[in-house]
Every structure is written in structure tokens, then in C-alpha cells.
Amino acid sequence: MSKISRVVVVGSTHGNELNGIYLVKKYERSPQRLARSGFESCTLLANPRAHQLMKRYVDTDLNRCFRQQDLENTSLSTYEAQRAKEIYRRFGSQGSQPADLIVDLHTTTANMGLTLIVALQHLFNLQLASYLTSIHPSIKILCPPTQNLENPPYLDSISQFGCVFEVGPVAQGVLDATLFQQMEALVDSILDYVEACNHRTPLSRENTLTIYQTIESVDYPRNETGDLKAMIHPQLQFKDYKALHPGDPIFLTFDGQTITYEGESIVFPVFINEAAYYEKGIAMYLTKQHQCII
């Protein structure tokens, strides 16, 4: 693998996820914290207008604006569509400051703990994930749906290598000091790993990696007008990454009836009851657990 020349650490892709925003601001006040030998580290506040408004976005979700056809579509004129094009012109592969690795910092209202989201088509991503789990054993590795890998809409996809941190639970518009410190430690670990790889002295890591591969999303039960008919069952709430068996409770209707999981095999739900996903029609994602040998 060629050396990584530029790493970009991103906050405010969603304007009300404060941990990543204030970590980027901390780096901007003290850029030496990001400095490593052999490559450049940059910061980006991706959606400053949404942050000023303390909203997830102004017009549309910025983290769904980076499909190639959308970046090339001159008729898309929302604030986030224009912002995505600006970011791509700067940090995309043909940009003025092309990024080799983007680290995008997010928080979630779901009980995701420390989660690293990576696309696994690149060996570097696997090796980085394996290194992080060796020094931060509580971290979980989540892979996006396979249908999103060829033309992904996410900000981190504009670089050759990319990863997203989702840490939670954190309420929207709220800082969490413990998760802030843990996120900062993870960013430090990534930069240390990149520095070691560039110097051809890779750091020791595990040879086996547990990953959670996203297979589908599940919406809430709804009536004919689209209104909710049920909520997350109390036995499932906050049980991200826990095994869900066929027949286990999954939803509870407003009149107290339990709806069970009707799948044929064990799955591991994530992003359970994420506040920002109500509008997307997503109550949770279901994943399969796999072991990778690296």
C-alpha cells in the first residue's frame, strides 16, 4: 500500500452531534495534537450552518449527499448538496487537497457504545479495525449494507480509506465527557497506526476480527397513514449488538400487544430506536456476526 499523505478528521456532518464537533474544535485550537511525522492531518467542520442552528441538517442529510451522480448533478441546490460539492472539490480524489483517509465523528442516541463503521473491501480498513480492537477491546466493528458499497452516499467514502465513529448513547445537542475522551483516544490511535504504517513498522494487532455485517433495516409498524402503531419493546431497548432470536419481543403496540421477531435465524440489532432514523423509516438495523481472519 502506498503511504497515506493526508488524514482529515471531520465533525458536524450532523450539526447536533456535539462530541465530534467540539473534538474538532479542540484540534483546531491545538493542531499539534493531530500532528504526526510523515503525513498531514486536517480538520473539517462539515455542516457549520446546521451546527449554528443546532439541527441535524438544514435541508437534507449531508451524509447522504456524496453519491457520484449527486456530486455531478448541477440541479441539486440544497445547502447540503452544495456543501457536499465543496467538500468533494477540496478533499475528493481529484480535489485541491485530496484525502487518503477520512475519519468522520458521530454520536447516536442508540446504545452503540464505541462503534467503528468501515467498508471492508480494503485490507487497510480491516487491519486498522483489528488494531483498534486490540487496544480498545470494547469497540465494535460495523459494516454498511453491501448494496451501499459500490456507490456510497457517505462523506467518508470520498477518500480511498474511510471510517466513521458512532458513539452512544448521547442525546442530540448534548456533550458526553466520557465518550468525548474515548473518541479522542480512538482518533489518537488511528493517527499512531497511520504513522507506523507509513514508516513500514506496523503496530501489533489481532489476527481475528469480529465484524457485524448489516443485512437489512426494519421499520416501525405503521398504519395506513404512516403513523406509528408500536414502539421498541422494553426487552429490546438498549440491547444493541445483543443476539435477537426468532420469537423474541421486538415491538410493543400502544395497546400493550407484543410483536415478535419473525426471522429464521439469530441476528444482532444495532441503532435501536435511533432518534434521527424515525424520519428515515428505520427502527433498527439487523446484522450478522462474522469472524474474519486477517
Side-chain angles (χ1 to χ4, degrees), residues 14 17 56 60-61 63-64 67 106-121 126 129 133 138-154 157 164-172 208-293:
H14 297 131
E17 296 179 3
R56 183 175 175 86
T60 190
D61 190 337
N63 211 31
R64 303 297 185 272
R67 289 188 178 91
H106 291 253
T107 57
T108 171
T109 63
N111 188 28
M112 297 285 284
L114 302 177
T115 292
L116 179 72
I117 304 177
V118 291
L120 298 182
Q121 68 265 44
L126 280 169
T133 59
S138 64
I139 196 170
K140 299 289 194 300
I141 308 302
L142 179 64
C143 305
T146 54
Q147 63 266 28
N148 286 346
L149 296 181
E150 291 188 6
N151 189 16
Y154 311 118
S157 69
V164 175
F165 281 121
E166 288 279 5
V167 303
V170 184
Q172 295 175 346
T208 302
L209 180 66
T210 300
I211 65 169
Y212 294 84
Q213 177 66 61
T214 304
I215 54 175
E216 64 175 314
S217 64
V218 176
D219 194 7
Y220 298 90
R222 298 177 186 269
N223 62 22
E224 60 278 1
T225 65
D227 201 11
L228 298 181
K229 294 170 56 179
M231 49 197 159
I232 298 295
H233 196 281
Q235 293 184 33
L236 183 61
Q237 182 65 39
F238 301 125
K239 298 297 178 60
D240 299 78
Y241 294 110
K242 304 300 183 183
L244 180 67
H245 298 79
D248 283 350
I250 186 169
F251 294 113
L252 183 69
T253 68
F254 296 116
D255 59 4
Q257 299 299 309
T258 293
I259 299 173
T260 59
Y261 172 58
E262 297 180 352
E264 298 180 353
S265 61
I266 297 172
V267 293
F268 298 82
V270 297
F271 286 111
I272 299 170
N273 210 17
E274 161 61 45
Y277 287 176
Y278 275 75
E279 68 178 25
K280 298 181 185 298
I282 298 172
M284 70 196 76
Y285 284 101
L286 302 182
T287 74
K288 290 284 190 179
Q289 188 186 76
H290 301 284
Q291 301 294 321
C292 288
I293 306 299

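Bear in mind the structure is a predicted one, so any value in this text is a computation, not a measurement.
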Trainee: Are Y241 and T115 packed together at the side-chain level, in the sense that at least one heavy-atom pair is separated by less than 4.5 angstrom?
Mentor: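 Yes, their side chains come closer than 4.5 Å.
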Trainee: How about M112 and H106: do any of their side-chain heavy atoms sit closer than 4.5 Å?
Mentor: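 No, their side chains stay 4.5 Å or more apart.
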Trainee: Test side chain to side chain donor-acceptor pair (under 3.5 Å) on N223 and T225 and set out the steps.
Mentor: CA-CA 5 Å; N223 62 22; T225 65; 2.7 Å; yes
Trainee: Give the minimum heavy-atom separation between G281 and R222, together with the two atoms involved.
Mentor: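 For G281 and R222, the tightest heavy-atom pair comes out as CA-NH2, 3.8 Å.
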Trainee: Just how far is it from atom CG of N273 to atom CG of L236, taken to the nearest 0.5 Å?
Mentor: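 So the CG of N273 and the CG of L236 are separated by 9.0 Å.
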Trainee: What are the two closest non-hydrogen atoms of K239 and I272, and how far apart are they?
Mentor: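 Closest pair (atom of K239, atom of I272, distance): C-CD1, 3.6 Å.
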Trainee: Locate the shortest heavy-atom distance separating S157 from P152; write the atom from each residue and the value.
Mentor: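 Scanning both residues, the minimum pair turns out to be CB-CG, 3.3 Å.
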Trainee: Hey, is CD on E279 packed in by over 12 heavy atoms from elsewhere, all under 6.0 Å?
Mentor: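 Check passes, neighbour count above 12.
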Trainee: Give a yes-or-no answer on whether the side chains of E274 and T108 include a donor-acceptor pair shorter than 3.5 Å.
Mentor: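 Present: a donor and an acceptor within the cut-off.
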Trainee: Check whether any side-chain heavy atom of Q235 lies under 4.5 Å from a side-chain heavy atom of T258, and answer yes or no.
Mentor: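 Sidechains of T258 and Q235: no contact.
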Trainee: Under the 3.5 angstrom rule, does the side chain of T253 hit a backbone N or O of K229 as a donor-acceptor pair?
Mentor: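 Side chain of T253 to backbone of K229: no pair is present.
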Trainee: Considering all heavy atoms of both residues, which atom of I266 and which atom of K288 are nearest to each other, and what is their separation?
Mentor: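 Of all heavy-atom pairs spanning I266 and K288, the closest is O-NZ, 3.2 Å.
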Trainee: Testing the basics here: between V167 and V170, what is the closest heavy-atom pair and its distance to 0.1 Å?
Mentor: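 Closest heavy-atom pair between V167 and V170: O-CG2, 4.0 Å.
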Trainee: If you count heavy atoms of other groups shown closer than 6.0 angstrom to CZ of F238, is the number above 12?
Mentor: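 Atom CZ in F238 is not packed in, count stays at 12 or less.
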Trainee: What residues form a salt bridge (charged side-chain N to carboxylate O under 4.0 Å, His left out) with K242, not counting sequence neighbours?
Mentor: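 K242 satisfies salt bridge (charged side-chain N to carboxylate O under 4.0 Å, His left out) with no other residue.
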Trainee: Yes or no on side-chain contact (heavy atoms from CB on, under 4.5 Å) for H14 and D61, after CA distance, side-chain angles and deciding distance?
Mentor: CA-CA 8 Å; H14 297 131; D61 190 337; 2.8 Å; yes
Trainee: Would you find a donor on one side and an acceptor on the other, under 3.5 Å apart, between the side chain of Q213 and the backbone of L142?
Mentor: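 Not at all, since once roles are kept as given, no pair shorter than 3.5 Å links the two residues.
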Trainee: With a 4.5 Å limit on heavy-atom distance, are the side chains of L116 and F165 in contact?
Mentor: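 L116 reaches F165 side chain to side chain.
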Trainee: Which one of D248, V218, I215 satisfies the side chain to side chain contact (heavy atoms under 4.5 Å, CB included) criterion with V267?
Mentor: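 Looking at D248, V218, I215, the match for V267 under the side chain to side chain contact (heavy atoms under 4.5 Å, CB included) is I215.
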Trainee: CD/E166 to OG1/T109 distance, rounded to the nearest 0.5 angstrom?
Mentor: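 Between atom CD of E166 and atom OG1 of T109 there are 9.5 Å.
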Trainee: With a 4.5 Å limit on heavy-atom distance, are the side chains of Y154 and R64 in contact?
Mentor: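 Yes - at least one pair of side-chain heavy atoms lies under 4.5 Å apart.
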Trainee: State the CG-OH distance between L286 and Y212, to the nearest 0.5 angstrom.
Mentor: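 The distance works out to 14.0 Å.
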Trainee: Under 3.5 Å, is there a donor on one side chain and an acceptor on the other for T210 and Q291?
Mentor: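 Side chains of T210 and Q291: pair found under 3.5 Å.
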Trainee: Aromatic rings Y277 and Y285: how do their planes relate, parallel, tilted or perpendicular, breaks at 30° and 60°?
Mentor: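 Correct class here is perpendicular.
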Trainee: What I'd like to find out is whether the side chain of P144 reaches to under 4.5 Å of the side chain of T214, using heavy atoms alone.
Mentor: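 No; the side chains remain at least 4.5 Å from each other.
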Trainee: Please report the closest heavy-atom contact between L244 and P249, naming both atoms and the distance.
Mentor: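 Looks like CD1-O, 4.1 Å.
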Trainee: May I ask you to test the H233-F251 pair for a side-chain heavy-atom distance under 4.5 Å?
Mentor: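 No, their side chains stay 4.5 Å or more apart.
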Trainee: Between the side chains of D240 and K140, is the shortest nitrogen-to-carboxylate-oxygen separation below 4.0 Å, so that they form an ion pair?
Mentor: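 No, no charged N to carboxylate O under 4.0 Å.
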Trainee: For a 4.5 angstrom cut-off between non-hydrogen side-chain atoms, does T287 reach F271?
Mentor: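 Side chain of T287 against side chain of F271, heavy atoms only: no contact under 4.5 Å found.
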